[in-house]
Amino acid sequence: MELMEEIPLPNGLTMRVWDGSRAIASDTTKVTLRITVPVTVMEEYFSDPGQFEQVVAVFGPEIPYKYTKERTFVGTARSGKVFKGLLEDFKRDSLPYLCRAEFPARFVLSKLREILQHPHRYGHVRREGNSE
């Protein structure tokens, strides 16, 4: 993956644009756009300090927002143009949401909901009625 650009967002986050494109054959490329935005887990996002600790224990102190879009079997001569189009689509459709002031808190709280709704994925399975 090659870092193509870093874009500072108005909410203090930084969006990183990665190009993971690779040749499939001599004249064909798989074009891959990867967007990452590292989001720091802040205690102020939570109503309960235990929830903050739970999210940090599962995901760590920073959780990356990730977005990937791919196009396969693109003519190598067109691959740059296709990558640019994927990036323009992302900037038009998704970047306004990532720029919102409330995005970091909402994203981190979505990870708490994920833990609470699917505890078995994170090793927090409660075994009711089992005395072992």
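Since the structure is predicted, the reported quantities are computational estimates derived from the model, not experimental observations.
Atoms CG and NZ, from L86 and K69 in turn, are 7.5 Å apart once rounded to the nearest 0.5 Å. Here the straight-line distance linking atom CZ of R121 with atom CD1 of I115 works out to 11.5 Å at 0.5 Å rounding.
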Step by step, work out the side-chain contact (heavy atoms from CB on, under 4.5 Å) result for L3 and V17.
-> CA-CA 6 Å; L3 180 61; V17 179; 5.8 Å; no

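S94 meets the side chain to side chain donor-acceptor pair (under 3.5 Å) test with no other residue; sequence neighbours excluded. Every residue was checked against the side chain to side chain donor-acceptor pair (under 3.5 Å) condition with R71, not counting sequence neighbours, and none meets it. For K111, the salt bridge (Lys or Arg N to Asp or Glu O under 4.0 Å) test picks out E114, with sequence neighbours left out. The salt bridge (Lys or Arg N to Asp or Glu O under 4.0 Å) test applied to K84 returns no partner, not counting sequence neighbours. Remark: E5 engages K91 in a salt bridge (Lys or Arg N to Asp or Glu O under 4.0 Å) (not counting sequence neighbours). The side chain to side chain donor-acceptor pair (under 3.5 Å) check on T40 picks up nothing, with sequence neighbours excluded. Here E6 pairs with R16 under the side chain to side chain donor-acceptor pair (under 3.5 Å) rule; sequence neighbours left out. Taking the salt bridge (Lys or Arg N to Asp or Glu O under 4.0 Å) definition, one finds that R113 meets it with nothing, sequence neighbours left out.
Contact detail for P119 and Q117: the closest heavy-atom pair is CD-C, 3.4 Å. The heavy-atom pair separating C99 from L9 by the smallest distance is SG-CD2, 3.9 Å. In terms of heavy atoms, L112 sits closest to Q54 at CD1-OE1, 4.0 Å. Nearest heavy-atom pair, M1 versus W18, reported as atom, atom and distance to 0.1 Å: SD-CB, 3.7 Å. A pairwise comparison of heavy atoms in F46 and V41 identifies CE1-CG1, 3.8 Å as the closest pair. Between R100 and P104 the shortest heavy-atom distance is O-CD, 3.9 Å.
Sorted by first and then second residue, the salt bridge (charged side-chain N to carboxylate O under 4.0 Å, His left out) pairs with a member in residues 33-48 form an empty list; sequence neighbours excluded.
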Could you pull out all donor-acceptor pairs under 3.5 Å where a side-chain atom in residues 19-26 meets a protein atom, sequence neighbours excluded?
from	atom 1	to	atom 2	distance (Å)
D19	OD1	S21	N	2.8
D19	OD1	S21	OG	2.6
S21	OG	T32	N	3.1

Donor-acceptor contacts, no H, no angles, side chain residues 72-80, under 3.5 Å, sequence neighbours left out:
from	atom 1	to	atom 2	distance (Å)
T76	OG1	D27	O	3.3
T76	OG1	T28	N	3.1
T76	OG1	T29	OG1	3.0
S79	OG	T76	O	2.9

With a cut-off of 3.5 Å and sequence neighbours excluded, list every side-chain donor-acceptor pair involving residues 57-66.
none

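Checked against a 6.0 Å centroid threshold, the rings of F103 and Y97 count as neighbours.
No side-chain heavy atom of F107 sits less than 4.5 Å from a side-chain heavy atom of V37. With contacts defined as side-chain heavy-atom distances shorter than 4.5 Å, the pair L98/L13 does not qualify.
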